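Values reported hereafter were calculated over all heavy atoms of this structure, with side chains retained and with hydrogens, waters and symmetry mates removed. Residue numbering restarts at 1 for every chain, and letters A, B, ... go by the order of the sequence lines. This one's a predicted model, so the numbers in the text were calculated from it and none came from an experiment.
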Amino acid sequence: MPGDVESILIAAIISWILFVSIDLLFGLPKTGGVSGAREIAGEIEREGGSLHGGYMMGNIVCSPDASAGTLLAACGVYIAGIPGGLAAAVLVYVGNRICYDRGYAGTTGALAATFLIYGFTTIGFSAAHFIAGMVIAILTIQGISHTHASRLLSRLWGWRT
Amino acid sequence: MNELLLGAFGALLVLGAGATILEHDPYKKIISLSVLIAGIIPFIVDRGLLDVATAVALIAPLSTIFILMAVRRATP
Amino acid sequence: MNPEFVLGLFLILAGTVSVAFPRRKDYITRLINLEIPAWGLLLLMLSYNEALALLTFGAVTALTVFIFVRVIQKREGEA
Amino acid sequence: MEDITTQEIAILVCVSIGVISAVRVIAERNTMKKLPFLNVLSFAIAGSLALLLPDPLTILAAAAYFVGTTLESNAIASSYAGGPKNDE
């Protein structure tokens, strides 16, 4: 069983792959859902970033998507196991409806993350590792360098199409 | 809550309050105000008043949206 | 003297001074600065563990902001 | 530093990322580019809320905080982009 720091890093990588793949699967980088997301994307492109990655970052800011689903599912599993994760999925769906979004990406992300994290808790990880890991994963997307993150997301979106 | 967390959340609170006072642009002031709220919510949760924390977390964006109505009118 | 009390007092003092002497003297700046002492008072109530007072005060703050916004819009419409 | 539990190290990671992103929110000069850092801050705070007090109602509070701050960012961005009239 690895130590705490290694576990958090592994959990960060797993949740990064999980939420980026679900967001790409639901086509978040295709276009901005609301005008605010399009404005953020335009601003990132003006600073030298890429437009489709900017759309995805704007959509993450403007409505709870798979990343929010993963974080809240990790919180739910940490507090109450599988039922907590399902409650988190319901809450993410309600939050998506509040933010004028269809809510498929967030709910799917929360359900997938619930079962994935519960699976990992059986082999020695703790759900607290996944909470910290998810915060590190969202930091790498939104908080280090907008230009490089949008270029990376745009390249991944180019592979998918 | 130990001293380290207390210092971190207090730092968020003081940073948000200072930036809200010192900014000029109304949008930047509102964003700094939301940093201040992020520092306050953990104090409410740490006391165990979870229903109050839920209500406050839902009411705070409402008052921000009300302020945005005035900001949008003032800066067309 | 728990930390909530000290931080709440700090917010009330700083916010009141900033409402009284804002950087830009217009309605919007004062209205946004008025939120700071409101949160400070909420933190002060928290240090006495008054749950019902917190709930009521939170709801009334949003209502007060709404009324202020309506008043400001009415005044600017007349001017 | 004697034995730090898993919960404590996770909450330390969350809180330190929150403070860093708050500093970057304040330091960024472009209004629209402040919003992704604010999103990181709300992720960190929602995570640390759940780690601070493990109770079944905490997940409701964390979700309410997260949805509230997302709605706030949405309103700020839409209002900055010109109001809801050119939305759709």
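The shortest non-hydrogen separation linking V40(D) to I138(A) is CG2-O, 4.1 Å. Minimum heavy-atom separation, L71(A) to G47(D): CD2-N, 4.3 Å. Nearest heavy-atom pair across F43(D) and A68(A) is CZ-N, 3.8 Å. The shortest heavy-atom contact between G36(A) and A77(D) is CA-CB, 3.5 Å. Among all heavy-atom pairs drawn from Y78(A) and Q7(D), the shortest one is OH-CG, 3.2 Å. Smallest separation of non-hydrogen atoms from C14(D) and V135(A): SG-CG2, 3.8 Å.
Scored by the salt bridge (Lys or Arg N to Asp or Glu O under 4.0 Å) test, R46(A) finds E43(A) as partners (sequence neighbours excluded).
Both the backbone and the side chain of L60(D) come within less than 4.5 Å of a heavy atom in chain A. Both the backbone and the side chain of L35(D) come within less than 4.5 Å of a heavy atom in chain A. Heavy atoms closer than 4.5 Å to chain D are found in both the backbone and the side chain of A88(A). Contact of F66(D) with chain A is made through the side chain alone, with heavy-atom distances under 4.5 Å. Interface remark: N74(D) contributes backbone and side-chain atoms alike to the contact with chain A (heavy atom separation under 4.5 Å).
Taking a 6.0 Å sphere around CZ of F26(A), one finds it holds more than 12 heavy atoms contributed by other residues, nucleotides or ligands.
Chosen from C75(A), G143(A), A128(A), the residue pairing most often with chain D at heavy-atom distances under 4.5 Å is G143(A). Across A80(A), A74(A), S67(A), the residue that shares the most heavy-atom pairs under 4.5 angstrom with chain D is S67(A). The candidate with the highest count of non-hydrogen atom pairs below 4.5 Å against chain A, out of L49(D), N30(D), I76(D), L38(D), is N30(D).
I98(A) has its side chain within reach of L71(D): a pair of non-hydrogen atoms, C-beta onward, lies under 4.5 Å apart. Side-chain contact check for F37(D) versus Q142(A): every heavy-atom pair is 4.5 Å or farther apart. Counting only heavy atoms from C-beta outward, the side chains of C62(A) and T70(D) never approach each other to under 4.5 Å. You'll find the side chain of I9(D) reaches within 4.5 Å of the side chain of V5(A), heavy atoms only. Residues T58(D) and I79(A) meet the side-chain proximity criterion, which asks for heavy atoms closer than 4.5 Å.
N39(D) contributes atom CG, which lies 7.5 Å from atom CD1 of I60(A) (distance to the nearest 0.5 angstrom). Between the NZ atom in K33(D) and the CD1 atom in I40(A) there is a gap of 11.5 Å [rounded to 0.5 Å]. Separating the CD1 atom in I20(D) from the CD1 atom in I144(A) is a distance of 8.5 Å, to the nearest 0.5 Å. How far CG of L41(D) is from CG of L139(A): 11.5 Å, rounded to the nearest 0.5 Å.
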When you look at I136(A) and I17(D), which way does the side chain to side chain contact (heavy atoms under 4.5 Å, CB included) test go after all the steps? CA-CA 8 Å; I136(A) 293 174; I17(D) 287 177; 3.7 Å; yes
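Using a 4.5 Å cut-off between non-hydrogen atoms, no part of residues 16-25 of chain A approaches chain D.
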